[in-house]
2 protein chains.
Amino acid sequence: MKERRRVTIRDVADAAGVSVATVSRVMSGSHTVNSDMAERVRWAMQELEYRPNGAAQGLASGMHRSVGVVLPDLSNPYFNDIIKATYVGASREQYRMLVTEWREPGEELGVSLDVLSRVDGLLLLSARMDIDGLRDLAARKVPTVLVNRVELGVDLPMVAVDNFSAMLELCQHLASLGHRRVVYLAGSPSAWQNRERWRAVQQARILGLDPVMVAADGTIEAGFEATDEALSHDPTALIAFNDLAALGAIARLRELGLRTPADISVTGFDDVSLARFADPPLTTIVSPKAALGELAWAMFEASLRGERIEQPPLLRAAFVHRASTGPARTSRSRV
Amino acid sequence: MKERRRVTIRDVADAAGVSVATVSRVMSGSHTVNSDMAERVRWAMQELEYRPNGAAQGLASGMHRSVGVVLPDLSNPYFNDIIKATYVGASREQYRMLVTEWREPGEELGVSLDVLSRVDGLLLLSARMDIDGLRDLAARKVPTVLVNRVELGVDLPMVAVDNFSAMLELCQHLASLGHRRVVYLAGSPSAWQNRERWRAVQQARILGLDPVMVAADGTIEAGFEATDEALSHDPTALIAFNDLAALGAIARLRELGLRTPADISVTGFDDVSLARFADPPLTTIVSPKAALGELAWAMFEASLRGERIEQPPLLRAAFVHRASTGPARTSRSRV
DNA sequence: CACTAGCGAGAAAACGCTTCCTGGACCCTG
DNA sequence: CAGGGTCCAGGAAGCGTTTTCTCGCTAGTG
């Protein structure tokens, strides 16, 4: 039943005929250790298949070699792409990743704090917690980087995409196709990205757009369900918060016998990997997800080292015209 | 610079006027503690905003309240859906999730072992390591469950989908549409799921299919790239290892001016969330991803408790006919 | 009423590391 | 040649918990 006792640093030390302190030094790559002693130690580690106990290391040194990733929705492929990029950086530095999802808004700070005693810092993806929560975190002086959220007056490194400009560009495209009456299928009201995107859509009045906001969320289901209300405003185009919502909307439109983009145009945001395979392929914004993830890691690493890094500029996202948008229908034939 | 010292169990004990042992007992919900004492302790914890140190708990108790999830590819949305379901179980039990991706085959055992000192057990998703690796893990008597891999002769709980039957059903569908010459766009040869699926495809000779295997992988790019070689066998249908590969193949076909399914049918597997929005919507197998994730957690939890759980049967996956398959083209018009 | 269970709480010993401190050996300098 | 540095390795003190052990009470029994 009881497996062979775990081999500890003690065992290695004994086998190599040195002290545990020396073994520890060898592991940390300290240079103040005689080279053939180090060799013996390494040999013993091999021989005994020694694996340092992470919890003990963490307790003793205060460093856990892992980063906590906190996000709103594990099943959203958008986050995957970011995490993926972050992960390559992390694993390069032998860092592990503790992933935590919060479901209820309000849980977010709690789960973040919760995980703090097991990680060296936090990556907050699309954080929606209120500014006091962010300040709380910032005050703890724990390396924390905000991804896809910028909040002036919070002393935390942030990396984000220029949602505003990108969305404006998208609106420009719509305007040039003759669209006027458009509905914005909103994301979560507490999401910074949502606020930015909506701000841009409103700004686009200047381009001739006449936008209305309809509450939804960044999921397929929410996009699907919000579509009926959106149609009540008789729009020629739907500007969805993200690709998922756009896909949901298109599905509902199809159910209703409306063609995209002949009857109504739909746009997405993010360019999740499957967006270009959709029917129709989504006109959307290509978020630099990999760059975002890499930069997030770089910032994290820097603040781990205590370097005072300057805030990088917002990342640019490219507009891509695919087949889900077309010229605005002119006749007001529908309810 | 130095923030206020972390509050420890010691501080709580002092504030409540009890011993640390008592505080610990209160936390663990031990019944052998006087109720107003417990109340004082709880009050003190609140007051001081005490958060137990995870590393210390892990070291002292040997329990880490986290589960290690090991998978081949973080960016594959298929895994997300599984993880998502697993996560709800885990978080219900206050378990955290340490996610690890291995890139090079051969890394897999290493990263698994690596993470073992920080978690109470492992969830191996689509494990591709060799059987000796699995045996090694099994011998350690650490709770470990294999997801999407079944390996007789390895003493580990496993949860998986009945790939064989599902694929056979899919082949039946193809056969009934008059397909004969088909190409199987393979997944990784070391993946159990790939072996099962291919086994089924071969079995489908009995239904009149004449399958050829072409090496690919379960990614969009691999599906895309393998398509040209697949076409050299002049098939009327492509059976892709999974949805991603199918999408890649369809994209390449379109580039070549071939329509799906008019010129050639394509099938997927898994039914990732976006598969039904694809152009054309994918005929595929609906893997019960949520059920898989939940069951995986349930098995994990059971083996955590040391319960000797019996192996559950394979989960059934449903075939779904969408628009990417149609009657086999009869003329052999193409190269 | 004396004696023994039984129970609840504190003291203290782990848990497996890191790191500070100490001391011996060696080398250099005056 | 004596004294003072330097360098390297070991001893030991934590790190913040859990858990075993112990001990003083209370209550129950004959």
Side-chain angles (χ1 to χ4, degrees), chain A residues 2-42 44-45 48-66 94 113-120, chain B residues 2-42 44-45 48-66 94 114 116-120:
Chain A
K2 204 67 199 151
E3 88 261 40
R4 59 191 181 291
R5 202 176 53 82
R6 263 196 68 103
V7 6
T8 78
I9 198 176
R10 175 91 260 157
D11 302 318
V12 175
D14 291 350
V18 302
S19 72
V20 296
T22 299
V23 177
S24 178
R25 286 190 199 101
V26 170
M27 285 196 289
S28 68
S30 167
H31 264 246
T32 74
V33 47
N34 180 295
S35 66
D36 42 310
M37 218 165 211
E39 205 39 60
R40 283 217 312 283
V41 168
R42 260 186 284 272
M45 297 201 296
L48 301 177
E49 295 187 347
Y50 170 68
R51 307 248 164 199
N53 179 312
Q57 289 182 308
L59 179 57
S61 70
M63 286 269 108
H64 300 88
R65 289 213 154 261
S66 32
Q94 316 260 53
L113 260 26
D114 194 74
V115 96
L116 228 44
S117 65
R118 322 171 158 271
V119 298
D120 297 336
Chain B
K2 204 69 201 148
E3 88 263 37
R4 60 191 181 292
R5 201 177 54 81
R6 262 196 69 104
V7 5
T8 78
I9 198 175
R10 172 91 261 155
D11 302 317
V12 175
D14 291 351
V18 302
S19 72
V20 296
T22 299
V23 177
S24 177
R25 288 191 195 102
V26 169
M27 285 196 289
S28 68
S30 166
H31 263 246
T32 74
V33 47
N34 180 294
S35 68
D36 43 307
M37 218 165 208
E39 205 38 60
R40 282 217 313 282
V41 169
R42 260 184 285 272
M45 296 200 298
L48 301 177
E49 295 187 348
Y50 169 67
R51 307 246 166 202
N53 179 313
Q57 290 182 309
L59 179 58
S61 71
M63 287 268 106
H64 301 87
R65 289 214 152 260
S66 29
Q94 317 259 52
D114 194 75
L116 227 44
S117 65
R118 321 172 158 271
V119 299
D120 297 337

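Numbered from 1 within each chain, the chains take letters A, B, ... in sequence-line order.
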*Describe the nucleic acid contact of B/S24 in one word from base, sugar-phosphate, nothing, applying a heavy-atom distance below 4.0 Å.*
base

*Under 3.5 Å, is there a donor-acceptor pair between the side chain of B/S66 and the main chain of B/H64?*
yes

*Return each pair, listed once, that meets salt bridge (charged side-chain N to carboxylate O under 4.0 Å, His left out) where at least one residue sits in residues 12-34 of chain B; pairs must be two or more places apart or across chains.*
B/R10-B/D14

*Which of the following nucleotides, C/dG10, C/dC17, C/dC15, is nearest to the side chain of B/A60?*
C/dC15

_In whole Å, I'd like the distance from the CZ atom of A/R10 to the P atom of C/dA14._
14 Å

*Do you know the tightest heavy-atom contact between B/Y50 and B/T8?*
CE1-C, 3.5 Å

*Determine the minimum heavy-atom distance between B/A55 and A/L59, stating which atoms define it.*
CB-N, 3.9 Å

*Considering non-hydrogen atoms only, spot the tightest contact between B/I9 and B/M27 and give its length.*
CD1-CE, 3.8 Å

*asked:* Any side-chain to backbone donor/acceptor pair from B/R6 onto B/R51? Under 3.5 Å, distance only.
replied: yes

*asked:* I need the minimum non-hydrogen distance between A/V41 and A/V18, along with the two atoms involved.
replied: CG2-CG2, 3.8 Å

*B/D14 CG to C/dA9 P: how many Å, rounded?*
17 Å

_Span of DNA chain D, from the first to the last nucleotide whose atoms fall under 4.0 Å of chain A heavy atoms_ = D/dC8 to D/dG16

*Just checking B/S61: base, sugar-phosphate only, or nothing, at a heavy-atom cut-off of under 4.0 Å?*
sugar-phosphate

*Kindly point out which of C/dG10, C/dG16, C/dC17 is positioned nearest to the side chain of A/L59?*
C/dG16

*asked:* Whole angstroms only, please: what is the CD1-C1' distance between B/I9 and C/dG10?
replied: 13 Å

*Rounded off to whole Å, could you give me the NE2-to-P distance for the B/H64 and C/dC15 pair?*
14 Å

*Overall bend - the helix from C/dC1-D/dG30 to C/dG30-D/dC1, comparing terminal axes fitted on five pairs, nearest 10 degrees*: 50°

*Take atom CZ of A/R65 and atom C1' of C/dC17, then tell me their distance rounded to the nearest Å.*
15 Å

*Select from A/R25 and B/S19 the residue whose nearest nucleotide in DNA chain C is closer to the 5' end of that strand.*
B/S19

_Protein-nucleotide distance (A/M63, atom CE; C/dG16, atom P), rounded to Å_ = 23 Å

*asked:* How close do B/S117 and A/P52 get, counting heavy atoms only, and between which atoms?
replied: OG-O, 3.4 Å

_To check you understand the geometry: which heavy-atom pair defines the closest contact between A/V26 and A/A38, and what is its length?_
CG2-CA, 3.9 Å

*Atom-pair distance (CG on B/N53; C1' on C/dT18), nearest Å*: 15 Å

*With a non-hydrogen cut-off below 4.0 angstrom, is A/M27 in contact with a base, only sugar-phosphate, or nothing?*
sugar-phosphate

